[in-house]
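Reading through the structure tokens given below for one structure.
Naming convention: chains lettered A, B, ... in sequence-line order (proteins, then strands); numbering from 1 in each chain. Just so it is clear, the values below take in all heavy atoms, side chains as well, and ignore hydrogens, waters and symmetry mates. As the structure is a prediction and not an experimental result, all values here were calculated from the model.
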Amino acid sequence: MSAITLDNITKTYNKGTVLAVDKATFEVAEGETFGLIGPDGAGKTSIFRVLTTLLLAESGNATVAGFDVVKEYAKIRDCIGYMPGRFSLYQDLTVEENLNFFATIFNTSIKENYDLIKDIYVQIEPFKDRRAGKLSGGMKQKLALCCALIHKPRVLFLDEPTTGVDAVSRVEFWDMLKRLKHQGISILVSTPYMDEAALCDKIALIEGGKILSIASPADTVKKYPGKLFAVKSANMHKLLQDLRSYEGTYSCFTFGDAMHLSFKQDADADVSKLTAYLTAKGQTNLEIAEITAGIEDYFIRITEKLNG
Amino acid sequence: MDNIAIKADKLTKRFGDFVAVDAITFDVKQGEIFGFVGANGAGKTTAMRILCGLSVPTSGTATVAGFDVYKQAEEIKKNIGYMSQKFSLYEDLTVMENITFYAGIYGLSDKEIKDRGAELLDRLGITAEAKTFVGSLPLGWKQKLAFSVAVIHRPKIVFLDEPTGGVDPVTRRQFWDLIYEASDRGITAFVTTHYMDEAEYCGRVSVMVDGRIDAFDTPANLKKQFSVNSMNEVFYQLARGAKRKAD
């Protein structure tokens with residue numbers, strides 16, 4: 001059985017004038033970590049709310065843990081954990097009180113499922129008497145995850161759990177998710193960080209309410225059409241303009257300390273011709289190398305097409 | 001002196017016995033794009049609040065646009081721009097109303113507001129949207145508009161607090177084009193970000209760990225110093241050793 005299925009789910013707002021989710025269809029297998037990757041406003045949160053039975057879709061069908069999101073919403077609520085994008089625990093309750101509260105409404109206790117949260121909870125346990133509102137961002141995030149897990153959900157929904165979190169804490173958070181996966185929990189997680197996509201079993205790229213690609217991270221980047229070069233020079237700011245005006249260029253974008261350059265056709269991917277062109281433009285210290293596309297390269301490539 | 005936009009010397013802020021900012025020393029040149037990175041809780045926000053004239057340091061000295069953070073906080077506020085992803089524009093006002101509001105706060109005359117407003121709309125290619133409510137604009141447009149509004153009074157320095165959080169990869173890069181343009185016009189950009197690829201776009205980067213600045217140099221030199229290939233690895237090596245596990 002699939003942990004989650006979506007079949008042509010469409011969600012609109014403002015009496016149909018705003019199309020938030022446009023016929024989204026995908027499936028999350030049992031035990032899988034599935035990433036929904038896209039920028040703010042792409043429709044990620046609307047999908048989460050439909051699946052967690054907080055919003056009704058206009059059309060389409062969806063199931064979670066085998067239950068229908070409309071007819072069997074109560075059963076779904078019993079067996080899922082949901083960590084919304086915005087911190088939504090009780091600010092005036094302490095860490096321990098929050099956790100107790102969530103355990104109690106799901107008819108369980110901290111003790112009963114302590115194993116599941118232990119790794120995460122020990123990190124915030126020294127602060128268990130502190131009010132949740134007084135916690136720092138990273139600790140709030142850990143507490144929210146504990147509260148979403150305390151009733152041992154079958155499916156876990158994490159809406160942008162790492163937004164605004166620094167790079168080190170993001171790595172730690174994904175380590176925690178890996179351990180949960182070993183416990184057999186199916187996870188749907190959304191993120192605007194493309195580098196996190198590689199840590200999922202499968203990813204869906206989403207933009208403008210449309211699912212644009214569904215595949216494993218490795219297969220996603222294999223879909224990148226044509227060749228891709230990384231180019232560096234002594235004057236990076238001018239390099240971008242020079243590369244964009246090169247006749248064989250399809251597109252060029254900055255990626256950290258290099259420019260990623262794609263071509264109209266493979267025949268244009270000619271290092272010696274490109275070197276001659278850039279040298280004539282006065283560029284020095286040139287480094288040109290063919291590279292394998294990453295998920296962000298692919299995302300830019302397919303959304304560019306969409307936008308124009 | 002004239003080409004130094006920000007200068008901090010042993011700048012320190014304590015809250016009780018907690019040292020949020022611990023004797024940081026650095027300078028930012030006029031027109032430079034300066035990356036100010038660090039883990040959550042490292043003290044970035046506290047330091048930034050001091051530099052924006054919103055908080056008084058406990059000890060040390062700092063000048064921003066030539067003004068002293070202890071005595072000339074009001075002058076500092078007039079000479080800087082500020083934009084954060086969390087708060088930038090009023091969603092219930094139109095594009096032009098937001099421009100008029102911010103430009104008015106910074107004391108621009110009606111004529112200046114009209115001229116610069118038109119120029120701004122033209123540069124962003126959104127002249128047709130002047131009467132659109134900001135709330136109904138795509139996020140990417142909002143970010144670019146927020147940045148342009150933050151520099152409408154032509155400040156010497158603009159503080160950008162995680163300006164690109166959550167935006168799509170293309171818009172994120174277009175946003176950096178705007179920062180480069182502003183830098184070319186001589187505006188200093190002081191930028192915080194969690195995207196370490198963006199740290200590579202800065203002229204120099206400082207990395208805060210536990211209230212201190214533990215590294216401060218160009219991205220190329222920092223990578224050399226730590227023998228790694230990316231700023232992400234530089235950051236990871238530094239921040240992993242942080243004792244403040246608060247965040």
With only heavy atoms counted, which part of A:Leu240 is less than 4.5 Å from chain B, the side chain, the backbone, both or neither? side chain

Taking the side chain as every heavy atom from C-beta outward, state whether A:His237 and B:Asp184 have any pair of such atoms under 4.5 Å apart. yes

Looking at side-chain heavy atoms only, is the closest gap between B:Trp176 and A:Thr254 below 4.5 Å? no

Are any side-chain N or O atoms of B:Asp197 and backbone N or O atoms of A:Phe255, one a donor and one an acceptor, separated by less than 3.5 Å? no

Check the surroundings of atom CZ in A:Arg86: do more than 12 heavy atoms from other residues, nucleotides or ligands lie under 6.0 Å from it? no

Quiz: residues 125-132 of chain B side-chain donor-acceptor pairs under 3.5 angstrom, not counting sequence neighbours:
| unit_1 | atom_1 | unit_2 | atom_2 | d |
| --- | --- | --- | --- | --- |
| B:Glu129 | OE1 | B:Thr132 | OG1 | 2.9 |
| B:Thr132 | OG1 | B:Glu129 | O | 3.3 |

Just verifying a value: how many Å separate B:Asn40 CG and A:Arg170 CZ, rounded to the nearest 0.5 Å? 10.5 Å

Is there a side-chain contact between B:Val170 and A:Phe299, using heavy atoms and a 4.5 Å cut-off? no

Heavy-atom check, side chain of B:Glu200 versus side chain of A:Met236, under 4.5 Å: no

When the 4.5 angstrom heavy-atom criterion is applied to A:Val18 and chain B, the contacting part is neither

List the steps and the verdict of side chain to side chain contact (heavy atoms under 4.5 Å, CB included) for A:Asp257 and B:Lys223. CA-CA 11 Å; A:Asp257 64 349; B:Lys223 284 183 276 182; 2.8 Å; yes

Verify the neighbour count for atom NZ of A:Lys134: are there more than 12 heavy atoms of other residues, nucleotides or ligands below 6.0 Å? no

NZ of B:Lys44 to CG of A:Asp166, rounded to nearest 0.5 Å, is 7.0 Å

Is it the case that more than 12 heavy atoms not belonging to B:Arg212 sit under 6.0 Å from its CZ atom? yes

Near B:Lys224 NZ, under 6.0 Å, is it more than 12 heavy atoms from other residues, nucleotides or ligands? no

Pairing residues for A:Tyr246 by the ring pair (Phe, Tyr, Trp, His ring centres under 6.0 Å) criterion, not counting sequence neighbours: A:Tyr277

Return yes when atom CZ of A:Arg244 has more than 12 non-hydrogen atoms of other residues, nucleotides or ligands closer than 6.0 Å, and no otherwise. yes

Are more than 12 heavy atoms from other residues, nucleotides or ligands located less than 6.0 Å from atom CZ of A:Arg49? no

Determine the interplanar angle of the A:Tyr193 and B:Tyr195 rings, folded into 0 to 90°, and report it as parallel if under 30°, tilted if 30 to 60°, perpendicular if over 60°. tilted

Please find the pair of heavy atoms, one from B:Gly165 and one from A:Asp40, that lie closest to each other, and give the distance. O-OD2, 4.2 Å

Point-to-point distance, once rounded to the nearest 0.5 Å, from NE2 of A:His260 to CZ of B:Arg173: 8.5 Å

Honestly, the part of B:Tyr201 sitting under 4.5 Å from a heavy atom of chain A is side chain

Side chain / backbone / both / neither for B:Pro169 at chain A, heavy atoms under 4.5 Å: both

